[in-house]
> 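Could you have a look at this structure, given as structure tokens, before my questions?
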Amino acid sequence: MSLFFITGIAGTGKTTVWQELKSRGYEAYDVDESGLAKWQNKETGYVHPKSSVKKEQRTREFLESHSWNVSRQEVEELAVRAKDKDIFLCGAVTNEIEIRDLFKLVFALMVDNKTLKHRLLTRVGNAWGKQPHELEQTLVWQHDANEAYKKFGDFIIDSSRPINDVVNDILKVVNDEHLLSSTTLSAQT
């Protein structure tokens, strides 16, 4: 079994995928909802406690001096537990490059800019992207991230479709990967 990463820019549906995976009985975590990701000062290294940074504090200056990071150690602990079952980690973090090696596969959720804007401005439960500078920054990240996902060879998933279709596509790739791994192991023995 393996640890899988589902990433994408804010508004691409990571939390919805996480909820759907959980409803189907999979062990899955959302870096935002679980508290795995936290704001970290780039200069001092100070990690802000969960929920200590409010929407109004996320100014342009704050975003320039902080990263949204997940602890490698905590992801390593998930990877150890994933030896016995599939585990999914959903989220977007600044230090993604530092943890990519811990995942069997990375899925990147993508939507067009119009859908992204609509989702960010109308979603409830997450205020990210409602401030003009956050929306602007997210659209810049969308372009950069899409190029990076292609470069890394991630599985690109069009998440503008119904959630059942999105999760079914992810699980098909996971099941195909398991079949390929078991076939390779059988051929080696």
Side-chain angles (χ1 to χ4, degrees), residues 1-39 50-51 53-55 58 68-70 74-75 78-79 81-82 85-96 99-100 102-131 134-150 152 154-177:
M1 301 309 205
S2 304
L3 180 62
F4 299 97
F5 191 39
I6 299 169
T7 190
I9 296 305
T12 56
K14 299 174 302 295
T15 298
T16 306
V17 167
W18 162 66
Q19 292 167 335
E20 180 65 19
L21 286 166
K22 283 180 50 174
S23 77
R24 294 186 187 196
Y26 289 93
E27 185 171 341
Y29 300 91
D30 180 290
V31 299
D32 300 337
E33 299 297 321
S34 67
L36 287 169
K38 297 176 181 70
W39 288 109
K50 171 84 171 120
S51 301
V53 178
K54 305 299 178 210
K55 174 184 169 184
R58 292 190 318 249
W68 184 242
N69 293 338
V70 66
E74 289 179 286
V75 179
L78 286 177
R81 291 193 11 242
K85 61 182 164 182
D86 288 332
I87 298 177
F88 297 86
L89 183 63
C90 304
V93 291
T94 310
N95 64 333
E96 182 177 305
I99 59 170
R100 278 181 158 265
L102 299 172
F103 300 98
K104 178 76 172 181
L105 297 174
V106 176
F107 297 91
L109 304 181
M110 291 177 49
V111 296
D112 59 89
N113 282 354
K114 181 179 176 183
T115 301
L116 183 65
K117 285 181 196 177
H118 174 74
R119 285 183 178 180
L120 290 173
L121 294 174
T122 61
R123 68 183 178 170
V124 294
N126 188 330
W128 178 269
K130 296 198 185 310
Q131 298 184 87
E134 289 177 348
L135 178 60
E136 179 185 319
Q137 183 62 58
T138 301
L139 292 171
V140 169
W141 287 338
Q142 162 103 329
H143 176 267
D144 295 346
N146 290 348
E147 294 304 313
Y149 299 147
K150 291 172 188 170
F152 285 120
D154 296 343
F155 283 89
I156 306 295
I157 305 288
D158 175 5
S159 59
S160 64
R161 300 171 301 131
I163 189 60
N164 283 333
D165 295 345
V166 172
V167 172
N168 287 342
D169 283 355
I170 291 168
L171 294 176
K172 181 182 182 323
V173 172
V174 167
N175 289 330
D176 289 350
E177 182 65 27

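Along the sequence shown, residues carry numbers from 1. Side chains included, hydrogens not; waters and symmetry mates left out as well; all remaining heavy atoms used. Computed from a predicted structure; not experimentally measured.
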> With sequence neighbours left out, what residues match Arg100 under salt bridge (Lys or Arg N to Asp or Glu O under 4.0 Å)?
Glu96, Asp154
> The criterion is side-chain hydrogen bond (donor to acceptor under 3.5 Å, both in side chains); which residues satisfy it with Trp39, sequence neighbours excluded?
none
> Show, in sequence, the C-alpha distance, side-chain angles and deciding distance for Thr15 and Asp30, and conclude whether the side-chain hydrogen bond (donor to acceptor under 3.5 Å, both in side chains) test is met.
CA-CA 6 Å; Thr15 298; Asp30 180 290; 2.8 Å; yes
> Taking the side chain as C-beta and beyond, is there a heavy-atom pair between Val106 and Phe155 under 4.5 Å?
no
> Output all residues satisfying side-chain hydrogen bond (donor to acceptor under 3.5 Å, both in side chains) with Lys172, sequence neighbours left out; order by chain, then residue number.
Asp176
> Between Leu120 and Lys130, is any pair of side-chain heavy atoms under 4.5 Å apart?
no
> Applying side-chain hydrogen bond (donor to acceptor under 3.5 Å, both in side chains), name anything that partners Thr115, two or more places apart in sequence or on another chain.
Asp112
> Checking the side chain of Lys14 only, and the main-chain atoms of Ile9 only, is there a donor and an acceptor separated by less than 3.5 Å?
yes
> Which pairs pass salt bridge (charged side-chain N to carboxylate O under 4.0 Å, His left out) with one or both residues in residues 136-149, sequence neighbours excluded?
Arg60-Glu136
> Do His143 and Asn113 have side chains that get closer than 4.5 Å, going by heavy atoms?
no
> Identify, with sequence neighbours excluded, every residue that meets ring-ring contact (aromatic ring centres under 6.0 Å, His included) alongside Tyr149.
none
> Salt bridge (Lys or Arg N to Asp or Glu O under 4.0 Å) with Arg58: which residues, sequence neighbours excluded?
Glu134
> Mind checking salt bridge (Lys or Arg N to Asp or Glu O under 4.0 Å) for Lys85 and listing every partner two or more places apart, or none if nothing turns up?
Glu27
> So, using side-chain contact (heavy atoms from CB on, under 4.5 Å) as the criterion, who are the partners of Ser34 when residues are at least two apart?
Leu36
> Would you mind listing every ring-ring contact (aromatic ring centres under 6.0 Å, His included) that reaches into residues 4-25, with sequence neighbours excluded?
Phe4-Phe88, Phe5-Phe103
> Considering residues at least two apart in sequence or located in another chain, which fulfil the side-chain hydrogen bond (donor to acceptor under 3.5 Å, both in side chains) criterion with Asn168?
Arg24
> Applying salt bridge (Lys or Arg N to Asp or Glu O under 4.0 Å), can you list everything that pairs with Lys104, at least two apart in sequence or on another chain?
Glu177
